[in-house]
> 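The structure's right below; bear with me while I get my questions together.
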Amino acid sequence: MVQRVAIYCRVSTTDQSCQRQERDLVEYAALSGYQVVGVWKETISGTKNSRTERSVVMALAQSHKIDAILVTEMTRWGRSTIDLIETLQSLHSWGVSLIAQTGLQFDLNTPQGRLIAHLMASLAEFERDLVRERVRSGVAAAKARGQKFGRQPGQRVKADKLAPKVLQMVQTGYSYRKIAASLHLSKTTVLDIVKRHRLSSNAAKDNQTNLISNLEQATMASKKSASNQTVYQLKITLKNIRPPIWRRIQVLSSTTLEQLHLIVQEVMGWDNYHMHQFSIAGIDYGQTQREFNVRSEKTVKLSQVVKSEKFKFSYTYDFGDSWEHEILVEKELPSTPNTNYPICITGKRACPPEDCGGSWGYAELLEIITSPSHPEYEERMEWVGESFNPDTFDINEVNQRLQEFK
């Protein structure tokens, strides 16, 4: 059977070109008897977390529309050893190989491929240990010179500098989400700035209410549930995270997959910046992508795809960081009069920040923000926001956001 391949080319700067990579890989594919599905090219540094074209290729792999990915060399694909191993694990779970023109092939279905993967995983762990040792050594030397670490009380360099602009945008009517994206802050930092302003100004409650952001919303199912409708109790669990991050919600059976996507975004705490996809009984749903055979989610109702209680399906958000969620249908219940659905019943732990690098990047972030002596502590705390606590979950805040759906 002819293997379907996607060609991925990358250069780091605008004065470089992907032309040679594309030419060589197309010739290599022809000689090897591969069927080229398409060529994806981008100009971006290898250290960047967000690569749009690579995310598209990952989506192809997850949709089972390709059998392999062709690159000139592994450094064109992985931004680090850790990133390479993480993406290899995802590709392996989808049955897709990563092949370099040099002949190096990571086919985890073969003993050779698994051996190489294990060796590289060991190298990745060794790399992390070296970094930790260098950090400890550097911190010890700096302390010996009398240098003080950690943010001084009340010091918020970037947040304080941008606070006037944040407040101006809030008063103009921008949502917290748009402000955060525009000023390269986290949504939590924007919220902290507004809270501090409220406390310092002692504004009246009615004026404070005007500062609350208007979240971007889509048209949702009516709050008023019909008495004859079925309600699904769903447990949404973010995979590959320990301790687990999860939510338990109740939604009407008439909820469409498009609406469920927005509900998941709100209850988990995502910002809906990236692409997403549902995989249900071997069929992928999302924003229509005919070339990837992804079906439209707009009109498909849960009642059409849920088979029974204990039925499971998956939801993936951000193909770069690859946040995979397992959705379990725990119960089928009759709707309760005067209850506005959807509703969150319970949950555990805060959602990871957007664009933090997937499950491995989040683990690294937690390690840094719990270590005030770490060289990146100041920068990461400024980015994530002072009030971020990975162990908290505010069900009242979640349900308040859900009640804004109309």
Side-chain angles (χ1 to χ4, degrees), residues 49 82-83 85-87 89-90 92-93 121 124-125 128-129 131-132 135 186-189 191-192 232-251 260-261 263-274 276 278-279 310-331 342-374 376-377 380-381 383-402:
N49 291 340
I82 295 174
D83 174 68
I85 292 297
E86 185 174 311
T87 52
Q89 290 172 337
S90 295
H92 173 52
S93 68
E125 182 62 31
R128 284 195 294 268
D129 288 341
V131 171
R132 293 190 189 103
V135 169
S186 72
K187 196 167 63 175
T188 306
T189 299
L191 179 62
D192 287 344
Y232 292 133
Q233 180 169 301
L234 308 177
K235 184 177 181 182
I236 307 167
T237 305
L238 186 57
K239 299 174 70 174
N240 303 317
I241 297 288
R242 292 290 180 273
I245 299 172
W246 58 273
R247 309 286 185 260
R248 180 170 286 119
I249 65 173
Q250 291 183 348
V251 299
L260 181 61
H261 153 63
I263 292 169
V264 172
Q265 288 286 310
E266 294 296 349
V267 300
M268 292 301 297
W270 298 118
D271 291 326
N272 200 18
Y273 289 153
H274 303 285
H276 68 278
F278 290 96
S279 294
K310 309 307 176 186
F311 181 73
K312 294 181 181 179
F313 57 100
S314 67
Y315 169 82
T316 302
Y317 173 61
D318 184 356
F319 297 135
D321 283 359
S322 191
W323 297 109
E324 295 187 15
H325 306 67
E326 177 187 88
I327 303 180
L328 168 66
V329 182
E330 292 186 318
K331 297 179 182 178
I343 186 171
C344 183
I345 300 173
T346 186
K348 289 289 186 182
R349 306 186 74 230
C351 182
E354 294 273 2
D355 301 319
C356 68
S359 56
W360 284 24
Y362 184 50
E364 180 185 42
L365 174 65
L366 293 181
E367 181 178 348
I368 292 173
I369 66 175
T370 54
S371 304
S373 60
H374 195 286
E376 296 182 28
Y377 176 80
R380 296 298 185 96
M381 283 300 298
W383 177 68
V384 79
E386 289 183 331
S387 64
F388 177 75
N389 184 338
D391 297 321
T392 61
F393 170 65
D394 190 337
I395 190 171
N396 293 325
E397 181 183 338
V398 169
N399 279 317
Q400 183 179 356
R401 291 200 302 266
L402 289 178

> Between Val398 and Phe393, which heavy-atom pair has the shortest distance, and what is it?
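Where Val398 meets Phe393 most closely, the heavy atoms are CG2-CE1, 3.6 Å.
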
> What verdict does the side chain to side chain contact (heavy atoms under 4.5 Å, CB included) test give for Cys356 and Trp323, after you've listed the backbone C-alpha separation in whole Å, the side-chain angles of each residue and the deciding distance to 0.1 Å?
CA-CA 11 Å; Cys356 68; Trp323 297 109; 3.7 Å; yes

> Leu366 and Arg349: which non-hydrogen atoms are nearest, and at how many Å?
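Reported closest heavy-atom pair: CD1-NH2, 4.4 Å.
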
> Calculate, to the nearest 0.5 Å, the distance between atoms CG and CD1 belonging to Leu234 and Ile249 respectively.
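If we round to the nearest 0.5 Å, Leu234:CG and Ile249:CD1 are 5.0 Å apart.
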
> To check you understand the geometry: which heavy-atom pair defines the closest contact between Ile245 and Arg247, and what is its length?
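Result for this residue pair: CG2-NH1, 3.9 Å.
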
> Nearest 0.5 Å, what's the OG1-OH distance between Thr370 and Tyr377?
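Thr370 atom OG1 to Tyr377 atom OH measures 9.0 Å (nearest 0.5 Å).
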
> Roughly how far, to the nearest 0.5 Å, is the CG atom of Asn272 from the NE2 atom of His274?
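That separation rounds to 9.5 Å.
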
> Asn389 side chain to Asp391 main-chain N or O, any donor-acceptor pair under 3.5 Å?
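Here the side-chain-to-backbone pair exists.
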
> Provide the closest heavy-atom pair for Phe278 versus Leu260 in the form atom of the first, atom of the second, distance.
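Scanning both residues, the minimum pair turns out to be CE2-CD2, 3.8 Å.
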
> Ile327 versus Lys312: any side-chain heavy-atom pair under 4.5 Å?
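No, every pair of side-chain atoms sits at 4.5 Å or beyond.
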
> So which heavy atom on Asp321 is nearest to which on Gly357, and how close?
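Distance-wise, the nearest heavy atoms are OD2-N, 3.2 Å.
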
> Which pair of non-hydrogen atoms, one from Asn240 and one from Ser359, has the smallest distance, and what is that distance?
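Nearest heavy atoms, Asn240 then Ser359: O-CB, 3.4 Å.
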
> Nearest 0.5 Å, please: how far is OG1 in Thr237 from CE in Met268?
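Between atom CE of Met268 and atom OG1 of Thr237 there are 8.0 Å.
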
> Answer with yes or no after comparing the ring centroid distance for Tyr317 and Trp270 against a 6.0 Å cut-off, counting only values under it.
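That pair passes the under 6.0 Å test.
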
> Check the pair Tyr362 / Glu367 against side-chain hydrogen bond (donor to acceptor under 3.5 Å, both in side chains), numbers first and verdict last.
CA-CA 9 Å; Tyr362 184 50; Glu367 181 178 348; over 6 Å; no

> Between Arg248 (side chain) and Thr346 (backbone), is there a donor-acceptor pair under 3.5 Å?
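Flag not set: sc Arg248 to bb Thr346 has no pair under 3.5 Å.
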
> Can you confirm whether the side chains of His276 and Asp318 place a donor and an acceptor under 3.5 Å from each other?
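No.
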
> Between Lys235, Gln250, Gln233, which is the residue that forms a side-chain hydrogen bond (donor to acceptor under 3.5 Å, both in side chains) with Glu330?
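So the option named by the test is Gln233.
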
> In the structure I gave you, are the side-chain heavy atoms of Leu402 and Cys344 within less than 4.5 Å of one another anywhere?
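Yes - at least one pair of side-chain heavy atoms lies under 4.5 Å apart.
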
> Can you tell which of His261, His325, Glu324, Glu326 makes a side-chain hydrogen bond (donor to acceptor under 3.5 Å, both in side chains) with Tyr315?
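With Tyr315 as partner, His261, His325, Glu324, Glu326 yield a single side-chain hydrogen bond (donor to acceptor under 3.5 Å, both in side chains), made by His261.
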
> Are the side chains of Phe388 and Pro353 in touch, meaning some heavy atoms are under 4.5 Å apart?
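Contact flag for Phe388/Pro353 side chains = yes.
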
> Is the closest side-chain heavy-atom distance between Pro352 and Leu238 below 4.5 Å?
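Side-chain contact under 4.5 Å: yes.
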
> Within this structure, what is the CD1-CD distance for the pair Ile369 and Glu376, rounded to the nearest 0.5 Å?
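Answer rounded to 0.5 Å: 12.5 Å.
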
> Output, in order, the C-alpha distance, side-chain angles, deciding distance and verdict of side chain to side chain contact (heavy atoms under 4.5 Å, CB included) for Leu328 and Trp246.
CA-CA 11 Å; Leu328 168 66; Trp246 58 273; over 6 Å; no

> CD1 of Ile368 to CE of Met381: how many Å apart, nearest 0.5 Å?
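It is 12.0 Å, given to the nearest 0.5 Å.
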
